[in-house]
Amino acid sequence: MGLFVTIEGVEGCGKTTIGKMIVDKLISDGYEVIYTREPGGIEIAEQIRKVILDVNNTNMDARTEALLYAASRRQHLVEKVIPALKENKVIICDRFVDSSLAYQGHARGLGIEKVYEINKFAIDTVMPDLTLLFDLDPKLGLERISANKSREVNRLDLEKLEFHKLVREGFLIIENLEPNRVKKVDASKTIEEVFNDAYSLILEALNKKSAN
Ligand code: TMP
C-alpha cells in the first residue's frame with residue numbers, strides 16, 4: 001500500500017531537516033520509502049529548478065514561474081512519484097502543489113483557483129494522502145535560514161518579509177479548505193517535538209490507508 005505525503009511551509013520551517021528524520025524512522029520501522037523534493041527530484045525537474053530559482057532571473061513573469069513549477073511537477077510525478085506509488089512505497093515529498101497555491105496563487109496574487117486550474121493539467125488526479133503544513137512565523141523562518149550559512153539562497157528567498165507572510169497566509173487558507181488532507185504542525189517547537197507530531201500524523205495516515 002503506497003502513501004503519498006507532502007511537507008509544506010514557509011522558508012526555514014524545518015521541513016527538510018525533519019523530512020529526512022522521518023524517512024530514517026520510517027525505514028527503521030520497516031517501510032519502503034522514497035524521499036524527494038520539488039521543484040526537482042529528477043534530472044529534468046532539477047534543470048527546471050535551476051531556471052526558476054536562478055537569482056539572476058529577476059524579470060521572470062509570475063505566470064511563467066507558475067507554469068515552470070507545474071511543468072517540473074508533471075515530470076517529477078510521471079518519473080518518480082507515480083511509479084513509487086505503484087510499488088506501494090511511502091513517498092515523502094518536500095513541497096508539492098500547495099506551494100504553488102500559496103506562493104504563486106496567494107503571495108504573487110495570481111489567485112489560488114487560477115493556479116490550481118493550471119496544476120490540474122499537470123497532476124491529473126494525483127493528490128497527496130497527507131500534507132503536513134509546518135506552520136511558522138516567517139520572520140522566525142527567515143532568521144533561521146540567515147543563520148544557516150550552508151543553505152542555498154534562491155530567488156524566492158530574496159523576497160521581502162511581507163511576501164513570506166502572504167505565503168503563510170496562503171497555506172493557512174488551503175488548510176482551512178482541505179482540513180482532511182492538510183494537517184498543521186506547530187513548527188516553532190523543538191526539532192524533536194515537531195518530528196514527533198509529524199510522525200504521529202504519518203502513522204495515523206498509514207493505519208487509515210491499510211484499513212481501507
Ligand atoms: P525549497 O527552498 O524548499 O527547496 O523550495 C524552493 C523554492 O521554490 C521555495 O522558495 C518555494 C518555491 N516554490 C514555489 O514558489 N512554488 C512551488 O510550486 C514550489 C514547489 C516551490
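Small disclaimer: the values here were computed from a predicted structure and weren't measured.
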So which pairs with a foot in residues 35-82 pass ring-ring contact (aromatic ring centres under 6.0 Å, His included), sequence neighbours left out? none
Closer than 4.0 angstrom, basic N to acidic O: yes or no for Lys20 and Asp94? no
side-chain contact (heavy atoms from CB on, under 4.5 Å) assessment of Val126 paired with Ile82: CA-CA 8 Å; Val126 184; Ile82 295 171; 4.0 Å; yes
Would you confirm whether Asn154, through its side chain, and Asp157, through its main-chain N or O, come within 3.5 Å as a donor-acceptor pair? yes
Would you call Glu46 and Lys50 a salt bridge, taking side-chain N to carboxylate O under 4.0 Å as the test? no
So do Leu101 and Phe171 actually touch side chain to side chain, heavy atoms under 4.5 Å? no
Taking Leu53 as the starting point, is it possible to reach Ile145 by hopping between hydrophobic residues whose side chains are less than 4.5 Å apart? no
Hey, could you give me the CZ/CD1 distance between Arg74 and Ile48, rounded to the nearest 0.5 Å? 12.5 Å
Determine, using the 4.5 Å side-chain heavy-atom cutoff (strictly less than), whether Leu68 and Val115 are members of one ILVMFWY cluster. yes
Between the side chain of Lys165 and the main-chain N/O of Pro138, is any donor-acceptor distance below 3.5 Å? no
Decide yes or no for Ile92 and Ile7: does some side-chain heavy atom of the first lie under 4.5 Å from some side-chain heavy atom of the second? yes
Quick one about Glu159 and His164 (side-chain donor to acceptor, distance below 3.5 Å, no hydrogens or angles considered), yes or no? no
Less than 4.5 Å apart, any side-chain heavy atom of Ile173 and any of His106? yes
Where do Leu172 and Asp135 come nearest, in terms of heavy atoms and distance? CD2-OD1, 3.9 Å
Could you please spell out the steps behind the side chain to side chain donor-acceptor pair (under 3.5 Å) verdict for Arg95 and Ser100? CA-CA 9 Å; Arg95 297 196 185 280; Ser100 282; over 6 Å; no
Minimum heavy-atom distance Ala66-Leu110, with the two atoms named: CB-CD1, 3.9 Å
From Met127 CE over to Asn119 CG, what is the distance, rounded to the nearest 0.5 angstrom? 9.0 Å
Smallest heavy-atom separation, Val167 atom then Ala107 atom, equals CG2-CB, 3.7 Å
Does Glu87 come within less than 4.0 Å of Lys89, counting only side-chain N to carboxylate O? yes
Please name the pair of heavy atoms, one in Val10 and one in Leu136, separated by the smallest distance, quoted to 0.1 Å. CG2-O, 3.6 Å
Treating Lys80 as the side-chain partner and Thr36 as the backbone partner, does any N or O pair qualify as donor plus acceptor under 3.5 Å? no
salt_bridge(Lys183, Glu204) N-O dist < 4.0 Å: no
Are Leu206 and Val23 joined in one hydrophobic group, where the rule is that I, L, V, M, F, W and Y side chains link up if heavy atoms are under 4.5 Å apart? yes
Note, Leu85 side chain near Phe4 side chain (heavy atom, < 4.5 Å): yes
Between CE on residue Met21 and OG1 on residue Thr16, distance to nearest 0.5 Å: 13.0 Å
Check for a donor-acceptor pair, side chain of Asn196 on one end and backbone N or O of Glu192 on the other, with a separation under 3.5 Å. yes
When rounded to the nearest 0.5 Å, the distance separating CZ of Phe134 from NZ of Lys15 is 9.5 Å
Can a side-chain donor-acceptor contact be found between Ser99 and Glu8 if the only test is distance below 3.5 angstrom? yes
Does one side chain, of Arg155 or Asn57, offer a donor that lies under 3.5 Å from an acceptor on the other? no
Within one Ile-Leu-Val-Met-Phe-Trp-Tyr cluster: Leu201 and Val194, side-chain cutoff 4.5 Å: yes
Quiz question: by atom type and distance under 3.5 Å, do the side chains of Asp29 and Tyr199 form a donor-acceptor pair? yes
If you draw a 6.0 Å radius around CZ in Phe121, do more than 12 non-hydrogen atoms from other residues or ligands fall strictly inside? no
Can you find a heavy atom in the side chain of Arg63 that is under 4.5 Å from one in the side chain of Lys114? yes
May I ask you to check whether Thr58 and Asn56 show a side-chain donor-acceptor distance below 3.5 Å? no
Given the rule that I, L, V, M, F, W and Y join up when any side-chain heavy atoms are under 4.5 Å apart, are Ile118 and Tyr103 in one cluster? no
Looking at side-chain heavy atoms only, is the closest gap between Ile202 and Leu132 below 4.5 Å? yes
Check this for me: Glu32, atom CD, are more than 12 non-hydrogen atoms of other residues, nucleotides or ligands nearer than 6.0 Å? no
Under 4.5 Å between any side-chain heavy atoms of Val5 and Asp129, yes or no? no
Please find the pair of heavy atoms, one from Ala84 and one from Ile91, that lie closest to each other, and give the distance. CB-CD1, 3.7 Å
Quick check for you: to the nearest 0.5 Å, what is the distance between Ile52 atom CD1 and Leu67 atom CG? 10.0 Å
Looking at side-chain heavy atoms only, is the closest gap between Arg108 and Leu156 below 4.5 Å? yes
Closest non-hydrogen atom pair, Ser72 against Ala45: O-CB, 3.8 Å
With a 3.5 Å distance limit and no angle check, can you tell me whether Asp137 reaches the backbone of Lys139 through a side-chain donor-acceptor pair? yes
Approximate separation, where rounding is to 0.5 Å, of Leu177 CG and Asp98 CG: 10.0 Å
